[in-house]
Every structure is written in C-alpha cells, then in structure tokens.
Amino acid sequence: MKTKIGFFDFAGCEGCQLTVMNLEEELLQVLQLVEIVEFRELMSERVAQLEIAFVEGSICRPGDRQRLQQIRDRSQVLVALGSCADNGGVNALGSDRTAEVLRQQVYGSDLPHLYTETPQPLSAVVKVDFRVPGCPIDGREFLAILQALLLKQQPELPSFAVCVECKLAEYPCSFDYGQVCLGPVTRAGCRAICIDGGGHCRGCRGLIDNPRTSPYHRILEQHGLCFDEILDQYRTFNIGEQESAK
Amino acid sequence: MTPASSLQNPSALLSDSHWRAMPQADVLRFVRSLLLAYDVVGAQNKRGRIVLDSLQDAADLLLDFPPAVHSPKKFLFPNWDQLFRFKLDENILLQPETAAPPRIIFGMHPCDLHAVKILDDCLFDGESDSSYRAKREATLLVGVDCTPDEYCFCTSLGTDRIAEGFDLFLHRRDDSYLLQSGSERGLQLLQNHAPEIFDGVAESPLPLQVKQCSNKVQFPIESLPSLMEEAYEDDIWQELGQDCLGCGSCTLLCPSCYCFNVQDKLEINLQEGQRIRTWDSCQFDQFAQIADGENFRSSQADRQRHRFYRKYKYLWDKYQRTACVGCGRCSRECLSQIEPVEVLNRLFATAPPALISDQPGSEYQPQMAQVLEVRSLSEQDRLFKLQLPQPLDFTPGCFVELSVFGLGEAPFSITSPPDGGNLIEVVIRKAGALTQALHRTREGDSIGIRGPFGTGYPLAQMLGKDLLLVAGGRGLLAIRSLLLAALKQRQEFGRITLLCGGRDIESLMFPQDLLDWHQSGLLDCRIAVKDQQNHWGVPAVDVSYLFKDLEINPQRTVAAVSGPPGMYRQINPLLFRMGLDDEDIYLNLERHMKCGLGKCGKCRINNICVCESGPIFSYHSIKHLAEAIER
C-alpha cells in the first residue's frame with residue numbers, strides 16, 4: 001500500500017508547496033510510491049489519518065494552533081516545510097514589536113479580521129519530527145528527505161556551510177564585492193543558488209550546528225561592515241538567532 | 001607498475017624528449033584538432049574567475065593564467081564519482097563503470113602536475129583506486145609554464161618546474177612556445193593532431209626554468225620534518241583554530257587533498273541507486289566523528305593542525321616530500337586569510353634554536369658543558385656529572401655526543417634519569433685517545449657536548465606495568481636511567497625486577513647502587529657474575545640463569561634488555577618462552593650510534609636509522625630487519 005502523505009499550510013507564501021508541484025516529472029514518479037491525500041493547491045479531499053504531513057508556514061492566526069494540533073494528531077510523522085514552518089522565517093521579522101503596533105503600522109486603523117499573534121515556528125506548538133529548511137525549500141532536498149522517510153531512515157541535512165557548495169561551483173565570493181554574505185555560517189543544501197544568481201546568502205536555511213561566529217565577525221569587520229548591517233542580514237531569516245550575532 | 005609510470009616512462013622512441021617550436025597559431029590549430037577526438041579541458045574565464053572546464057571553442061582556452069580556482073583534481077578525482085550502481089529489491093550489484101571519457105587537460109601548471117604525482121602516490125599505494133586509475137589512464141596531461149602570483153610559493157617547495165609526469169609540455173618562449181614531449185602517448189598525440197610540428201626541426205632542450213615567488217618559506221624545506229616534529233603542541237594551532245571558519249575551502253581546493261565520503265544515492269523510484277564518492281574535508285565538524293558520536297578531533301585547532309601535518313609531515317615521513325605543492329589555492333580563497341607560508345615561517349622563527357640552525361654546520365658544533373664531579377667506578381670507568389648551559393629534555397636511553405677538540409667526539413648514553421634540569425651523568429670507559437683525554441678532565445674543566453639525541457624508552461607507555469630489566473656489563477648505563485626514572489614514581493609501576501650480569505664484581509657498573517637497590521625493598525635486584533671467587537658471593541653464572549626461578553606475569557610485564565650484542569640472542573628466547581609479546585620487549589642498539597643526527601649513514605640498519613628511531617627499539621619494530629640483532 002502506498003504511503004499516505006499530505007501538505008498543509010499556515011502563514012506563508014506557499015512557495016514551498018509550489019516548489020513541490022514544480023517537481024513535475026519527479027512528482028509523477030513519487031506518486032508511484034505515495035498517495036497524496038491532502039494538498040489544498042491540488043485537491044479538496046480530506047482524510048482521517050495520514051502517514052507523513054508536510055506543513056508549510058508559521059503559526060500566527062487565531063485557530064492556527066488548534067488546526068496544527070489536529071494535523072499532528074492524525075499524522076504519524078510531521079515535517080516542517082520551509083523556513084516559515086522551520087524557524088518562523090521572514091514572518092518573524094515583525095517580532096521586534098507587538099502585533100498591535102505592527103498592525104497599526106501596516107494597516108492603519110484596527111481591523112479585527114486581520115488579528116495575528118507574533119509568528120512562531122511549528123515547533124512552538126507541536127512536536128516536529130523533521131524539517132526541510134530553506135526559503136523556498138530545495139526540491140531535490142525535499143525528495144531526498146521524502147525518500148529517507150519512506151525507507152524509515154533518519155533524514156540528514158548537510159552539516160557544513162554554504163561556502164562549501166559555493167567553492168565547489170567556483171562562484172565568485174560575495175565578500176569580494178563588499179556584500180555581507182551569511183554563507184560561512186549558513187547550512188548548505190541549496191547549492192548556493194543565491195550566489196549563483198548574483199546575490200549573496202541571507203541565511204534562509206538557518207545556521208549550521210557550530211557557526212564560528214567570532215572569526216566570522218572579524219571577517220565582516222575586515223570588510224568594513226558595521227554591526228547594524230551584520231544584524232540586518234542575520235535578522236532576515238534568523239531573528240531567533242540574533243543574540244548569537246552580538 | 002602504476003599507470004603514471006607506464007604512461008610516462010620514456011620508451012625507446014622517446015629515448016630523449018622531443019623538443020619542437022610551436023607558434024601560438026599552431027597551438028590553437030592543435031587544440032581544434034584535439035577537440036574533434038577528445039574532451040579537452042582547459043582554463044577559461046567564467047564570471048571573472050579562471051576555471052578549468054571542458055572547452056567548447058579553442059579560442060576560449062587560456063594559456064597564460066594564474067592558478068585556476070580548482071585544480072585538475074576536479075576531473076581526475078571528481079567530487080561526485082559513481083563507484084557502482086545497485087538494485088535495491090533484488091540486492092544486485094551492477095558492474096562499476098570504469099570507462100572514463102578520453103580527455104586531455106590542456107594547460108597544467110608544474111605545481112598541478114606535481115600534485116597529480118602526489119595523488120598517484122597516495123591512491124595507487126596498496127589497493128589501487130580503480131576509479132581514479134580509470135580516469136588517470138584515459139586522461140592526457142599537457143603542461144604549460146606559469147607566472148606565479150602573490151599567493152604562490154612553489155619556488156620554496158621546488159614545484160615551480162617539472163621534468164616528467166606530463167605527456168606534453170608547452171614552454172613559453174617570447175611570442176611562441178617550445179613543445180616538449182614527455183611520453184609516448186604525448187608524441188602520438190602530436191603526430192596525429194599536429195603532424196607538421198611532429199615532423200618539424202628538433203630544437204635544443206630548454207634548461208628547467210626557475211621562477212620567482214615573492215611568497216617564500218624562509219628556511220630549507222628539508223628542515224620541515226624536524227620542525228613539525230616539535231610543533232605539535234605549539235600555540236599557533238589554537239590561534240588558527242580561533243581564526244578558522246571551518247568551511248573546508250582550503251582542502252576542497254587543494255590539488256592533493258583527496259579525503260572522501262562514500263554514500264548511496266537512490267533514484268526516485270527507490271528501486272535502484274548508485275554508490276557515490278564525494279569530497280570530504282578534515283575541517284568539517286563531523287569528519288572525525290566516530291560511532292557513538294564521539295569526535296576525536298573536536299576542536300578547530302586540532303583540525304587545522306591535522307591539515308598542516310597531513311600536508312607537511314605525514315607524507316614526508318613516507319615519501320620524503322610534502323603533500324603541498326605551493327599553489328596557494330588554500331590561502332587565495334580563505335576568508336580568514338590563513339596562509340601556510342606565514343604559519344611555517346612563524347613555526348620556524350619560534351622553534352628552539354638548537355633544533356634547526358640557519359648557520360650551516362652548527363648542528364655539528366658542540367656546546368660547552370662543565371664537569372661538576374668525577375667519580376671512579378672501576379679501573380677503566382668513570383662517572384662524570386656534567387652541567388649544561390640549558391636544561392636537557394630527554395627520555396631514558398637517549399645519548400649525547402661528547403667531544404674534545406683535537407680528538408673528535410663519540411656518543412655516550414645518559415645514565416642519569418631525566419629531571420628537567422641541566423645536570424646529567426655519563427660513564428666513560430677508558431679506551432681510545434678521546435676517552436683517555438676525557439678521563440684526564442677534572443672538576444671545573446669544560447668539555448664539548450651535543451644532544452640529546454635518539455629515542456629512548458617509552459616511559460609513559462610503561463606506567464602501570466611490571467618492569468623486567470636485564471642488564472649486562474655497560475648495558476646497565478641506559479637501564480640505570482630508566483630504573484631511576486621509574487623509582488621516582490615508584491607507585492606508578494607494578495613489580496620491578498633487575499637482573500644484572502657482569503664478568504666480575506669489579507666490572508659491575510655502580511656496585512654501590514646495586515647494593516642499595518638490593519637492600520631497598522623497592523625492587524627485586526638479582527646479580528650474577530662469572531667470577532667464581534667473587535667476594536659478594538653472588539652466583540657465578542651467566543645472567544640468563546637468573547631467569548630460572550623468576551615469576552613473571554607476561555600480560556603485565558614490559559622487558560628492557562640492554563647489553564652486549566650476544567645477549568639479545570640469548571635472552572630474547574627466554575622472554576618469549578615466558579609469554580612476553582615482542583612489542584613488550586625493548587632492546588638497546590646503542591653500539592650503532594654515530595653522528596647523532598641520523599645523517600652520516602653509519603647507524604643505518606636496513607631502512608632504520610638508529611640515531612633517530614633508536615637506540616631503544618621494541619623487538620617488534622626491528623625483528624624483521626636482517627641486520628638488526630647483531631650476529
């Protein structure tokens with residue numbers, strides 16, 4: 001019998017689910033092994049029980065907690081899909097002020113239907129078994145993690161930094177262009193796609209297990225970057241980690 | 001025979017390298033022709049970076065360029081290398097694909113050609129790596145001259161030029177090239193793809209071109225092994241550990257680093273997959289993580305040290321050359337600017353001056369030691385207590401060279417225990433002119449001293465064990481140093497037994513010490529002399545008879561045997577019969593010592609150098625040497 005999997009979403013851009021759909025040909029092959037039983041972007045059916053739930057987005061609206069808990073209750077394995085679900089992602093950027101102030105600043109007058117709390121990762125509410133990091137996720141990494149889960153193996157994320165993939169691909173170093181790059185402290189797995197695209201790493205995949213922050217800060221300073229610039233970069237995706245940036 | 005040698009050994013046809021002039025335009029024509037039959041890899045400019053890649057158009061090929069980001073390792077030992085394919089359900093191994101595409105790497109700098117030799121050494125050693133071998137055999141190497149940049153330090157390592165290890169080499173000469181063939185295959189390539197050059201007029205060979213690097217190692221590279229030997233505990237590794245990001249760029253970009261990971265990658269259908277090899281790095285957190293999660297190289301300082309020792313020490317011990325070719329790739333791309341030349345020069349600058357000297361010949365120059373005390377031990381033997389200008393660090397069994405100007409020098413075992421101070425005791429037997437002169441010295445006189453030299457008893461490994469010490473005649477000198485060192489920490493050892501033999505009581509070294517030990521209760525001290533009328537009344541037998549009623553626990557006993565050559569042949573069988581392991585039997589080959597530096601060749605027993613690796617050896621380490629146990 002095929003493994004029943006489902007996709008769910010909370011506050012987010014749905015880019016991670018879109019990445020899954022964009023797998024197209026591979027997705028059709030995956031369907032030989034799994035049955036997608038819930039996927040709002042594809043279908044309207046619902047089931048009572050499923051084996052693997054991939055959950056995108058962060059938790060911030062009333063009712064989110066309860067809905068997530070229900071998904072947890074009927075899933076054997078729950079996987080956080082993408083940085084919003086994994087660590088709060090860009091949604092958490094607003095967490096330096098209260099929800100009321102934020103709402104006032106963005107929407108002006110008080111609009112009750114836009115009520116939100118400070119965005120939180122899934123792990124703040126339920127037990128998360130595995131995670132697919134990134135904003136958006138990397139399709140190939142998603143497939144590898146799904147494979148591991150189907151084989152009852154422990155999925156593994158790279159423990160080394162984005163610099164590794166950047167050097168392997170022989171991209172020019174962002175620091176040579178005076179840009180703050182979070183590559184030296186960010187978990188690899190994205191094949192340095194942002195650097196490939198001419199940008200720099202903003203750390204969407206989160207920090208490596210053992211970021212060498214003190215040499216990293218020294219390097220940033222050597223490149224003439226001030227503390228606020230460094231912190232701004234860290235904040236984009238790692239607001240929870242910003243203490244370690246100080 | 002390795003492919004490297006089979007491919008590149010000059011054959012009859014190639015009794016001498018062919019040298020041909022090759023104008024720039026002909027190089028281009030040559031490459032165009034090669035592109036029809038081969039995957040030609042060459043340096044190209046991509047996004048402002050010099051990278052090695054498959055050529056689409058010969059016009060893109062760079063021949064005058066600084067080192068490319070990645071070395072030819074990218075093609076000869078790629079980061080993603082399929083070892084074989086398998087089928088999961090049926091548990092079937094599909095035969096590995098060993099066929100590599102016919103390829104030419106066009107434009108390899110001398111340093112990168114040297115790096116290929118290192119990969120050959122490491123990957124063909126023992127069980128030859130078949131995947132590397134397949135690529136190596138299918139790839140032709142065309143060298144080209146380079147101009148070093150500010151990161152290059154090839155001139156310090158002698159890797160700025162190369163005489164072999166390529167199929168063809170393009171030497172730059174004003175606005176044209178001089179093409180040198182280095183193999184039969186190279187010549188055939190030329191014949192097939194540039195026949196007019198092959199048939200052209202032979203040019204006279206170019207002498208090896210010496211280049212200039214501003215980045216220099218400030219000491220002779222031959223000093224590296226001894227420098228590294230002493231640098232293991234240096235503070236510099238902590239400093240590097242604090243600077244290092246652990247990103248692994250240095251090793252990934254290194255042309256000779258080849259550590260790898262093997263993992264399975266499954267197809268989406270989960271029916272089949274491939275076992276692949278990817279590059280790994282000793283700088284990564286998990287590189288040294290073993291079962292149970294323990295990491296035996298857990299700090300970045302340890303990892304950097306490991307990298308430097310892999311590059312500059314461990315391979316040297318095996319092949320007498322570094323695993324670094326001075327290409328500068330590691331420092332060129334290092335965000336923390338960790339620069340090997342700077343590290344090596346700093347290690348050199350802070351090394352104890354006695355270790356390496358920039359004054360030629362000064363390692364042979366003695367320091368002056370003052371004679372503090374002279375004590376007569378027998379008619380011929382005198383004990384000298386010497387005071388040195390600085391403290392002496394040695395292990396029991398090490399020796400010094402004592403000298404008198406005009407009469408030369410000779411090695412003498414240190415007979416006192418190491419105590420971190422600057423006093424030592426040696427015993428000198430009056431024999432030749434030098435020892436007679438030494439006997440004439442009095443308290444307050446000065447004599448020449450060099451050292452300490454050699455490798456002594458591994459005292460730390462002996463802790464917690466029973467010691468069985470067997471000394472014959474002058475062999476007691478080194479044993480005394482060991483015994484006194486052990487008695488200083490008596491509680492750290494189990495039973496200590498000393499079996500001491502001699503010709504007669506008068507010839508015993510340290511009779512007073514022997515009596516004291518005998519009565520001390522700290523050890524079991526047994527003595528035998530051959531003289532039947534000896535006034536001590538000890539058994540008039542050979543030392544081997546003292547084994548007769550000896551009770552030994554072979555599992556916890558370490559034996560040190562020190563004496564005249566014949567004694568080892570006599571005592572070793574007794575020890576084996578008692579059940580001792582040959583790794584737990586230490587022999588003293590002090591009679592082989594000569595210059596102390598391991599240079600003069602006199603102390604060499606087969607491939608072992610006694611002055612460096614000895615004079616104390618475990619039986620295990622020398623039993624296979626035909627010349628070791630003296631006959």
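Naming: A, B, ... by sequence-line order, numbering from 1 per chain.
For the options B:Cys244, B:Gly246, B:Gly248, B:Gly48, heavy-atom pairs under 4.5 Å to chain A are most numerous at B:Cys244. Listed options B:Asn79, B:Leu266, B:Asn269 were ranked by heavy-atom pairs under 4.5 angstrom with chain A; first place goes to B:Leu266. Contact count versus chain B (heavy atoms, under 4.5 Å) is highest, among A:Gln29, A:Gln32, A:His223, A:Arg218, for A:Arg218. The candidate with the highest count of non-hydrogen atom pairs below 4.5 Å against chain B, out of A:Asp176, A:Val162, A:Val164, is A:Val164.
In this structure, B:Lys265 fails the cation-pi test against B:Trp80, since its NZ or CZ atom is not both closer than 6.0 Å to the six-membered ring centre and inside 45 degrees of the ring normal.
Environment of CD in B:Gln56: sparse, with no more than 12 heavy atoms of neighbouring residues, nucleotides or ligands closer than 6.0 Å. The number of heavy-atom neighbours closer than 6.0 Å to CD1 of A:Ile193, taken from other residues, nucleotides and ligands shown, is 12 or below. Counting non-hydrogen atoms of other residues, nucleotides and ligands closer than 6.0 Å to NZ of A:Lys2 gives a total above 12. Atom CZ of A:Arg212 has more than 12 heavy atoms from other residues, nucleotides or ligands within 6.0 Å.
Here the straight-line distance linking atom CD of B:Glu339 with atom CG of B:Leu240 works out to 11.0 Å at 0.5 Å rounding.
Both the backbone and the side chain of B:Asp243 come within contact range of chain A, with heavy atoms under 4.5 Å apart. Neither the backbone nor the side chain of A:Ile208 comes within less than 4.5 Å of any heavy atom in chain B. When heavy atoms are compared at a cutoff of 4.5 Å, A:Phe160 approaches chain B solely by way of its side chain, counted from C-beta outward. For B:Lys46, no part sits under 4.5 Å from any heavy atom of chain A, backbone or side chain. If you measure heavy-atom distances from B:Leu335 to chain A, the contacts under 4.5 Å come from both the backbone and the side chain. Of the atoms belonging to B:Gln283, it is backbone heavy atoms, and not side-chain ones, that fall under 4.5 Å from chain A. Of the two parts of B:Glu267, only the backbone, made up of N, CA, C and O, holds a non-hydrogen atom closer than 4.5 Å to a non-hydrogen atom of chain A. Residue contact with chain A, scored on non-hydrogen atoms closer than 4.5 Å, involves the backbone and the side chain of B:Arg47 alike. Of the two parts of B:Leu252, only the side chain, counted from C-beta on, holds a non-hydrogen atom closer than 4.5 Å to a non-hydrogen atom of chain A.
Every residue two or more places apart in sequence or in another chain was checked for a salt bridge (charged side-chain N to carboxylate O under 4.0 Å, His left out) with B:Arg310, and none qualifies. Contacts of B:Asp280 classified as side-chain contact (heavy atoms from CB on, under 4.5 Å), with partners at least two apart in sequence or in another chain: B:Asn261, B:Phe284, B:Phe287.
Proximity of A:Arg131 to A:Leu122: side-chain heavy atoms (C-beta onward) are nowhere separated by under 4.5 Å. You'll find the side chain of B:Pro67 reaches within 4.5 Å of the side chain of B:Arg329, heavy atoms only.
Checked by atom type, the side-chain pair B:Thr278/B:Gln263 shows a donor-acceptor distance below 3.5 Å. Side-chain contact, B:Asp285 with A:Ser159: no donor N or O sits under 3.5 Å from an acceptor N or O.
Contacts with chain B (heavy atom to heavy atom, under 4.5 Å) involve these residues of residues 136-147 of chain A, listed by number: A:Leu143, A:Gln147. Below 4.5 Å, heavy atoms of chain B meet heavy atoms from A:Lys167, A:Leu168, A:Glu170, A:Tyr171, A:Pro172, A:Cys173, A:Phe175, all part of residues 166-175 of chain A.
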Trace of the side chain to side chain contact (heavy atoms under 4.5 Å, CB included) decision for B:Leu88 with B:Phe86: CA-CA 6 Å; B:Leu88 211 58; B:Phe86 54 82; 3.8 Å; yes
Criterion salt bridge (Lys or Arg N to Asp or Glu O under 4.0 Å) on B:Asp149 and B:Arg332, from CA distance to verdict: CA-CA 10 Å; B:Asp149 72 4; B:Arg332 210 174 276 113; 3.0 Å; yes
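Ion pair A:Lys4/A:Glu45 not flagged as a salt bridge, since none of the NZ, NE, NH1 or NH2 atoms sits closer than 4.0 Å to an Asp/Glu carboxylate oxygen.
Classified by interplanar angle (parallel below 30°, tilted 30° to 60°, perpendicular above 60°), the ring pair B:Tyr258/B:Phe77 is perpendicular.
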